Amino acid sequence: MTDRYDFKSIESKWQQRWEQEKSYKVSEDPDREKYYVLEMFPYPSGRIHMGHVRNYSIGDVIARYKRMRGYNVIHPMGWDAFGLPAENAAMKRGIHPAAWTYDNIDYMRSQLKAMGLSYDWDREIATCNPKYYRWEQFIFLQMLEKGLVYRKETTVNWCSDCKTVLAREQVIDGACWRCDQQVVPKTMHGWFFKITDYAEELLQDLDKLTGWPEKVVTMQRNWIGKSQGLACDFQVEDSKEKVTIFTTRPDTIYGVTFMSLAVEHPLIEQLIKGRKQEKEVRAFIEKTLLEKQRAAADHEPDKHGIFTGSYCINPYNGERVPIYVANFVLMEYGTGAVMAVPAHDQRDFEFAVKYNLPIRPVVQPQETELVAETMEAAFEQPGVLIDSGRFTGMESAEAKQRIIDHATAKGFGKALITYRLRDWGISRQRYWGAPIPVIYCEKCGIQPVPEEQLPVVLPGADSPDGAHAPLHQQVDFYTTTCPKCGGAARRETDTMDTFVESSWYFARYTSPRNDQAPLDPRAAAYWLPVDQYIGGVEHAILHLLYSRFFTRVLRDLGYLEIDEPFTNLLTQGMVIKDGAKMSKSKGNVVDPSDLIERYGADTTRLFSLFAAPPERDLEWNAQGVDGSSRFLNRVYRLIHQHLDCFNDSTNCDFTALDTVNSQLYRKTHQTIARVTDSIESNFHFNTAISAVMELINLISTLSADDTKSNLEPAVVKEALEITIQLLYPMVPHFCGEMWEITGHDTALDHRPWPEVNTEAAREEEITIVIQVNGKVRSRLQAPADIDSRQIEEMALSDERTTQFLQGKKPKKVIVVKGKLVNIVV
RNA sequence: GCGAGAGUGGCGGAACUGGUAGACGCACUGGAUUUAGGAUCCAGCGCACCGAGUGCAUGGGGGUUCAACUCCCCCCUCUCGCACCA
């Protein structure tokens with residue numbers, strides 16, 4: 001035997017075996033309870049990085065653990081394969097995006113296989129495959145039919161150099177992230193998913209997500225951003241027009257002293273026409289629009305505004321209210337018009353101070369009295385109404401309701417709920433995405449591509465030198481005939497946002513080769529929802545919200561029976577090095593392949609699990625990897641040292657062990673308990689590994705030469721067998737091999753997880769801590785079942801303790817059974 | 001600004017419903033063995049004092065308690081998310 005295990009041959013041996021035997025292929029089995037564990041699928045960027053290693057190691061431990069627990073575990077993997085980087089790489093290297101993508105997939109698949117991950121590779125999907133996006137197009141059409149998709153014109157960020165729409169994240173200081181060209185707003189048509197139809201349900205059901213991190217739930221709640229309030233019409237003076245405002249504070253409506261409109265508000269034109277302010281206001285609007293375009297995301301511009309020359313009437317008190325245009329009012333939210341109450345809204349307060357507008361308190365706090373002249377900030381809390389007509393004297397909460405009721409009764413307003421959530425714009429002017437399956441006919445208008453003509457295939461993707469220009473430049477692609485009238489027509493040339501693919505892939509995994517429907521409802525009903533989903537917190541909003549939306553859409557289309565796709569969510573921390581996230585630009589990247597080459601997959605996995613609990617950031621430490629490697633070699637040597645125990649057939653009475661043997665027996669069962677608990681409660685594999693290390697340390701200590709003869713082979717054998725079983729989900733090749741060389745012929749995947757013998761795990765003797773005035777002064781050994789009176793007696797007669805008492809009489813003695821005694825003097 | 005989370009040795013991190021702070025690992029120090037080792041084994045390792053020992057220690061300051069990393073109040077720092085949402 002050598003003193004280090006040969007990870008190379010062991011790992012390739014087991015990987016081959018798993019592959020040949022299809023060890024992790026699963027199918028529906030109504031007699032067994034299923035468990036669906038899923039890691040967010042990767043974008044095939046070229047090589048896997050440490051974040052992937054961490055993500056998939058965590059998932060694989062859970063998959064293997066649950067398998068040992070007897071579950072029918074589905075653990076699939078695939079590729080989020082559409083996206084802009086493929087097009088960029090293609091441009092740069094003169095190859096086709098499809099070729100680049102599929103090459104990357106092949107390489108990364110081999111990297112994942114080298115990690116020994118227990119996937120059912122027969123379920124592998126790549127979203128750029130027409131067999132996948134065909135069904136995405138199908139779902140799109142079903143949604144279109146149901147009115148969940150619509151086309152509208154909006155303003156987008158356009159880069160004139162790259163000739164494409166940019167996502168908001170791709171606009172840096174007003175310029176394109178790639179070519180640095182100034183981004184311009186452009187009005188164009190696009191397709192939208194009506195996610196806002198589900199806003200309320202998506203919000204309400206967040207309460208059901210008890211298996212999600214609070215943080216993610218909160219982020220989604222804020223993102224949906226529900227506000228309840230009053231929509232109320234203010235009649236424009238000397239005009240037929242009305243300004244409709246939205247407020248969440250109807251209780252402050254008697255404190256309105258002016259009105260603010262967004263610069264884009266459609267009414268402005270009429271308000272200023274022919275007035276002396278006309279020119280000035282136009283100039284202001286133009287300037288503000290420019291400013292908005294340029295505004296960096298990280299600072300708020302100062303508040304500016306300008307009087308339009310018009311007034312409107314507060315329907316509650318009949319007062320004339322001057323109408324302003326202000327740069328801080330958003331057209332996209334509410335109604336684009338805000339009633340300004342400087343006394344109770346900080347922005348309005350600042351604006352009023354700047355432009356010398358009146359401040360009128362109408363809600364009084366409990367303790368103090370607000371006086372307009374001395375206010376230094378708005379009072380934004382609820383309180384009791386004053387100077388508010390018939391509502392004076394009411395509490396804010398009641399007043400809100402009464403004021404809304406009043407508006408409803410009089411017909412100039414109503415209760416309104418608004419959401420921050422916008423409909424999801426999915427049109428992209430890029431090549432490498434799923435084509436949107438509609439046809440434009442001059443005569444018949446927008447026509448869905450007939451189902452039997454799906455998929456609308458991306459042209460050129462099947463040959464390496466095929467065309468990959470944006471579809472609107474590919475005449476052969478967009479020239480078609482109308483499915484209705486047969487006349488000349490034009491295909492939609494936009495492709496879908498890549499987030500669409502990832503919004504339902506987890507469901508497709510349940511019947512990945514189905515060519516009759518997007519999903520097999522029976523398979524979906526068996527496997528879904530995903531029991532444990534694992535991925536980076538950067539997807540907390542978009543991907544996870546879209547998936548929740550799609551799940552409901554697929555439910556309403558009759559494919560799914562569930563509301564929520566992911567029962568439990570684990571958001572893993574980043575892998576960092578030298579205090580920063582690993583990135584090429586920082587030059588602190590560790591390539592997982594180098595590690596696997598040098599230390600093996602098991603060591604790499606073990607370290608990524610041991611260095612930090614999953615939800616925290618993991619600081620990469622090269623020496624820490626050595627430590628993990630050392631540990632495995634230590635286990636390896638220890639097993640070899642005790643190989644004879646596995647052949648020993650001496651009878652052993654586990655109920656009558658001597659001190660040394662019962663110590664090991666006890667520790668073994670305590671370790672099972674600790675490891676099981678660490679995994680079950682919060683997936684803190686770091687403490688699970690620590691526990692096994694302690695067990696190994698004990699076996700080492702006890703098997704040092706002078707005491708070895710005392711150890712019972714059966715006790716050592718049990719300890720080592722359990723070590724191997726407990727470590728198996730984390731370091732599967734190593735443990736598979738150890739299991740085999742210790743004479744077992746059933747694969748560990750089919751061995752049940754070890755059971756704790758609670759009797760054996762119980763300590764016989766415990767350490768009782770003696771405190772004097774709360775400070776530890778002494779420790780005593782006592783039998784575990786000692787009662788409080790006896791402990792107290794022992795403590796008071798303890799020599800060290802009496803020294804500290806210096807003859808003083810105890811005022812009080814607190815005894816915590818099995819733990820400590822505190823003597824107060 | 002708002003929201004969420006986190007501050008524990010030289011480092012990563014332990015500590016159950018308040019009850020021995022620092023498990024486990026890394027680094028470091030001393031020793032053994034070795035031709036050699038980035039191998040292995042033994043011992044030490046929060047800080048202060050020469051020390052058995054004692055005192056001080058979980059971001060800072062108060063408080064509750066016999067007892068606080070843990071509970072309460074105030075403050076500081078860091079990370080992440082949202083960012084004029086009416």
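A quick note: this is a predicted structure, and the numbers were derived from the prediction, not measured. In what follows, every chain begins at residue 1, and chains take the letters A, B, ... in the order their sequences are listed.
Between A/Asp348 atom CG and B/rC84 atom P there is a gap of 15 Å when expressed in whole angstrom units. Separating the CZ atom of A/Arg420 from the P atom of B/rG81 is a distance of 14 Å, rounded to the nearest angstrom. Atom CG of A/Asn222 and atom C1' of B/rA83 are 11 Å apart (whole Å). Counting to the nearest Å, the P atom of B/rA39 and the OH atom of A/Tyr636 are 18 Å from each other. Distance, A/Tyr419 OH to B/rA86 P: 14 Å, rounded to whole Å. In this structure, CD of A/Glu615 is placed 19 Å from P of B/rA4, rounded to the nearest angstrom.
Aromatic ring centres of A/Trp424 and A/Phe499: separated by at least 6.0 Å. In this structure, A/Phe379 has its ring center no closer than 6.0 Å to that of A/Phe349.
Ion pairing between A/Asp345 and A/Arg347 holds under the 4.0 Å rule for side-chain N and carboxylate O. A salt bridge links A/Glu763 with A/Arg666; the closest basic N to acidic carboxylate O contact falls under 4.0 Å. Classification of A/Glu350 and A/Lys354 as a salt-bridged pair fails, no side-chain N sitting under 4.0 Å from a carboxylate O. Remark: A/Arg422 does not engage A/Glu332 in a salt bridge, criterion side-chain N to carboxylate O under 4.0 Å. Checked for salt-bridge contact, A/Arg221 and A/Asp207 meet the test: a charged N lies under 4.0 Å from a carboxylate O.
Using a 3.5 Å distance cut-off with no hydrogens or angles, the side chains of A/Thr687 and A/Ser678 do pair a donor with an acceptor. Checking A/Thr288 against A/Asn327 by side-chain atom types alone, no donor-acceptor pair falls below 3.5 Å. One side chain, A/Arg548 or A/Gln220, offers a donor N or O that lies under 3.5 Å from an acceptor on the other. Neither side chain, A/Thr196 nor A/Tyr419, offers a donor N or O lying under 3.5 Å from an acceptor on the other. Side chain to side chain, A/Asn314 and A/Glu319 fail the donor-acceptor criterion of an N or O pair below 3.5 Å. Side-chain polar atoms of A/Glu615 and A/Thr571 form no donor-acceptor pair below 3.5 angstrom.
For the segment residues 626-633 of chain A, the set of residues with a heavy atom within less than 4.0 Å of an atom of RNA chain B comprises A/Gly627, A/Arg630, in numerical order. Contact check of residues 771-782 of chain A against RNA chain B (heavy atom, cut-off under 4.0 Å) returns A/Gln771, A/Lys775, A/Val776, A/Arg777, A/Arg779.
A distance of about 14 Å separates the C1' atoms of B/rA68 and B/rU8, rounded to the whole Å. Rounded to whole Å, the P atom of B/rC72 lies 29 Å from the corresponding atom of B/rG10. For the C1' atoms, the distance linking B/rA32 with B/rU70 amounts to 44 Å, nearest Å. For the P atoms, the distance from B/rG37 to B/rU17 is 48 Å, rounded to whole Å. Rounded to whole Å, the separation between the P atoms of B/rG51 and B/rC45 comes to 13 Å. The same atom, P, is picked in B/rA14 and in B/rG59; the two are 15 Å apart, to the nearest Å. When the C1' atom is compared between B/rG46 and B/rG9, the two are found 4 Å apart, to the nearest whole Å. Between B/rG22 and B/rU58, the distance separating the two P atoms is 14 Å to the nearest Å.
The nearest heavy atom of RNA chain B to A/Met331 and to A/Met693 marks one nucleotide each, and the one closer to the 5' end goes with A/Met693. Nearest-nucleotide assignment on RNA chain B puts the 5′-proximal partner with A/Met219, out of A/Met219 and A/Arg347.
Judged by distance alone, the side chain of A/Arg54 and the main-chain N or O of A/Arg605 form no donor-acceptor pair under 3.5 Å. In this structure a side-chain-to-backbone donor-acceptor pair under 3.5 Å is missing from A/Tyr599 to A/Val625.
Of the candidates B/rA14, B/rG19, B/rC41, the closest approach to any side-chain atom of A/Arg634 belongs to B/rC41. Nearest to the side-chain atoms of A/Asn327 among the listed nucleotides B/rG81, B/rC85, B/rC84 stands B/rC84. Here B/rA14 is the nucleotide among B/rA14, B/rG3, B/rC24 with the atom lying nearest to any side-chain atom of A/His684. Looking at the side chain of A/Leu330, the nearest of the listed nucleotides B/rG25, B/rC82, B/rA86 is B/rA86. In the set B/rC85, B/rC82, B/rA27, B/rA27 carries the atom at the smallest distance from any side-chain atom of A/Gln623.
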Under 4.0 Å protein heavy-atom contact, by nucleotide of nucleotides 5-13 of chain B - B base, S sugar-phosphate only: -------BS

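In plain terms, the two heavy atoms of A/Asn222 and A/Arg420 that are nearest each other are O-NE, 3.6 Å.
Using a 4.0 Å heavy-atom distance criterion, A/Val824 is classed as a sugar-phosphate-only contact. Counting non-hydrogen atoms under 4.0 angstrom, A/Val329 reaches a base of the nucleic acid.
Classification of B/rG63 as anti follows from a glycosidic angle more than 90° from 0.
Taking only side-chain nitrogens and oxygens, A/Arg637 never comes nearer than 4.0 Å to OP1 or OP2 of B/rA39.
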Audit row: A/Phe284, A/Tyr324, ring-ring contact (aromatic ring centres under 6.0 Å, His included) steps and yes/no: CA-CA 11 Å; A/Phe284 174 83; A/Tyr324 278 69; 9.7 Å; no

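Side-chain atoms of A/Lys811 stay outside donor-acceptor range of the base of B/rC66, with no qualifying N/O pair under 3.5 Å.
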Pairs under 3.5 Å (N/O, protein and nucleotides 31-33 of chain B):
none

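In this pair, A/Phe7 and A/Tyr5 present their aromatic rings perpendicular. The plane angle is above 60°, beyond the 30 to 60° band.
Stem list for RNA chain B (at least 3 consecutive Watson-Crick or G-U pairs, distances under 3.5 Å): B:1-7 with B:76-82, B:10-12 with B:24-26, B:28-32 with B:40-44, B:46-49 with B:53-56, B:59-63 with B:71-75.
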Hey, can you pull the donor-acceptor pairs under 3.5 Å for the side chains in residues 252-263 of chain A, sequence neighbours left out?
residue, atom, partner, partner atom, Å
A/Thr252, OG1, A/Arg249, O, 2.8
A/Thr257, OG1, A/Pro358, O, 2.9

